[in-house]
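Take a look at the structure below.
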Amino acid sequence: MKQLFVMLANYNRWANGRLYDAAFALSEDDYRRDEGAFFKSIHGTLNHLVVGDRIWLARFRGTTARVTQLDAIIADDRPSLRAQRDATDQELIAYVESLTEGDLASTFSYTTITRPQKVTQPLAPALVHTFNHQTHHRGQIHALLTRLAGEAPSLDLIFYQRETGDGLSLEDPSAGAAGA
């Protein structure tokens with residue numbers, strides 16, 4: 001299972017890079033225009049994705065997130081936001097790579113943000129949520145890019161797999177000849 005999450009973390013970085021390249025090609029007005037998305041603009045949605053990942057990383061590590069508003073703007077200029085995204089993607093990859101199969105089968109506890117309550121849940125499904133959350137909001141940005149620029153890059157997981165070879169074989173490398 002760990003290999004699957006490592007692949008998803010690397011795919012996440014790849015998809016974010018493609019999305020940022022396309023979003024940053026827009027004019028400043030288009031990039032910041034309230035287009036009716038949940039976090040209004042492409043800029044607001046990109047910020048939310050970094051915020052969400054930071055909140056989940058803190059929860060996974062058993063620490064408290066420094067950001068507590070889902071609509072926080074953690075970087076107002078494009079280069080700073082890209083740097084924050086890149087650093088957060090690398091943290092997520094490093095975190096997932098550090099996990100054992102036992103960690104993935106374990107539970108963790110945290111307090112929610114919008115309506116504070118204590119939650120205990122299995123780690124693996126929460127990781128699935130984290131990657132799915134990214135996909136959900138990247139889809140919103142993709143639609144906005146299509147409307148504003150007339151096109152948007154493909155973000156399909158299968159294109160990532162074909163381009164990188166990652167995930168085309170998810171066999172357990174520790175299985176050796178028995179897994180061949």
Side-chain angles (χ1 to χ4, degrees), residues 1-26 31 37-39 42-61 75 78-79 81-106 108 121-180:
M1 183 176 295
K2 177 182 173 175
Q3 263 189 293
L4 174 63
F5 287 113
V6 170
M7 186 227 12
L8 289 173
N10 283 297
Y11 161 73
N12 192 61
R13 176 180 53 194
W14 176 88
N16 285 333
R18 292 174 63 89
L19 196 66
Y20 269 70
D21 289 346
F24 286 10
L26 293 172
Y31 171 75
F38 194 80
F39 293 95
I42 289 174
H43 179 70
T45 306
L46 289 173
N47 268 278
H48 169 70
L49 284 171
V50 175
V51 166
D53 279 357
R54 286 187 174 173
I55 290 169
W56 280 104
L57 276 165
R59 288 172 176 171
F60 296 151
R61 293 174 174 149
R78 296 183 202 204
L81 182 57
R82 181 74 181 251
Q84 296 288 336
R85 176 73 266 163
D86 291 345
T88 303
D89 283 342
Q90 194 53 48
E91 279 185 63
L92 189 54
I93 290 167
Y95 173 73
V96 170
E97 287 177 341
S98 77
L99 296 173
T100 66
E101 293 295 333
D103 294 332
L104 289 166
S106 69
F108 72 111
Q121 68 181 82
L123 178 60
L127 280 169
V128 170
H129 162 75
T130 301
F131 295 121
N132 187 62
H133 179 256
Q134 281 274 342
T135 299
H136 165 70
H137 286 296
R138 279 194 303 257
Q140 292 175 333
I141 295 168
H142 192 276
L144 295 177
L145 284 167
T146 302
R147 180 169 54 213
L148 294 166
E151 64 181 342
S154 175
L155 303 176
D156 287 347
L157 176 62
I158 197 70
F159 290 130
Y160 164 77
Q161 292 172 326
R162 291 174 186 160
E163 183 178 304
T164 66
D166 189 7
L168 293 179
S169 173
L170 289 175
E171 293 179 25
D172 182 357
S174 66

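Between the CZ atom in R85 and the CG atom in L49 there is a gap of 6.5 Å [rounded to 0.5 Å]. Remark: D89 CG to N12 CG distance equals 5.0 Å, nearest 0.5 Å. Expressed to the nearest 0.5 Å, how far OG1 of T88 lies from CG of L57 amounts to 7.5 Å. The distance from atom CG of L46 to atom CG of L19, rounded to the nearest 0.5 Å, is 6.0 Å. Q140 contributes atom CD, which lies 11.0 Å from atom CD1 of I42 (distance to the nearest 0.5 angstrom).
Among residues two or more places apart in sequence or in another chain, the salt bridge (Lys or Arg N to Asp or Glu O under 4.0 Å) test is passed with R82 by D21, D86. Qualifying side chain to side chain donor-acceptor pair (under 3.5 Å) partners for Y11, counting only residues two or more places apart in sequence or in other chains: none. F108 pairs by the ring-ring contact (aromatic ring centres under 6.0 Å, His included) definition with F60, Y110, not counting sequence neighbours. Every residue meeting the side-chain contact (heavy atoms from CB on, under 4.5 Å) condition with T146, not counting sequence neighbours, appears here in chain and number order: H142, A152. For E151, there are no side-chain contact (heavy atoms from CB on, under 4.5 Å) partners two or more places apart in sequence or in a different chain. For the ring-ring contact (aromatic ring centres under 6.0 Å, His included) test, no residue two or more places apart in sequence or in another chain qualifies with F38. R59 meets the salt bridge (Lys or Arg N to Asp or Glu O under 4.0 Å) test with no other residue; sequence neighbours excluded. For H133, the ring-ring contact (aromatic ring centres under 6.0 Å, His included) partners are H48, H129, H137, not counting sequence neighbours. Checked against ring-ring contact (aromatic ring centres under 6.0 Å, His included), F131 has no partners two or more places apart in sequence or in another chain. Applying the salt bridge (Lys or Arg N to Asp or Glu O under 4.0 Å) test to E101 and every residue at least two apart in sequence or in another chain returns nothing. Evaluation of the side-chain contact (heavy atoms from CB on, under 4.5 Å) rule for R147 yields E35, L144 as partners, not counting sequence neighbours.
Side-chain contact between L8 and L127 is absent, with no heavy atoms from C-beta onward closer than 4.5 Å. No side-chain heavy atom of T130 sits less than 4.5 Å from a side-chain heavy atom of F5. Between H43 and L81 there is a side-chain heavy-atom pair separated by less than 4.5 Å. Between N10 and M7, the closest side-chain pair of non-hydrogen atoms is not below 4.5 Å.
A donor-acceptor pair shorter than 3.5 Å cannot be found between the side chains of N16 and R13.
Here the side chain of R18 pairs no donor or acceptor atom with the backbone of P153 at under 3.5 angstrom.
The two residues A126 and Q121 have their closest heavy-atom pair at CB-NE2, 3.3 Å. Heavy atoms only, all atoms of each residue included: N47 and A75 are closest at OD1-N, 3.2 Å. Closest non-hydrogen pair, S154 versus W14, comes out as O-CH2, 3.9 Å. Closest non-hydrogen pair, R78 versus A25, comes out as NH1-N, 4.4 Å.
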Steps toward side chain to side chain contact (heavy atoms under 4.5 Å, CB included) verdict (V6, Q3)
CA-CA 5 Å; V6 170; Q3 263 189 293; 5.6 Å; no
Pairs of donor and acceptor atoms involving the side chains of residues 92-100, under 3.5 Å and at least two apart or interchain, shall be tabulated with distances.
| residue | atom | partner | partner atom | Å |
| --- | --- | --- | --- | --- |
| S98 | OG | Y95 | O | 2.6 |
| T100 | OG1 | G102 | N | 3.3 |
| T100 | OG1 | D103 | N | 2.9 |
| T100 | OG1 | D103 | OD2 | 3.2 |

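Dense packing is recorded around OH of Y20, with more than 12 heavy atoms of other residues, nucleotides or ligands lying under 6.0 Å away.
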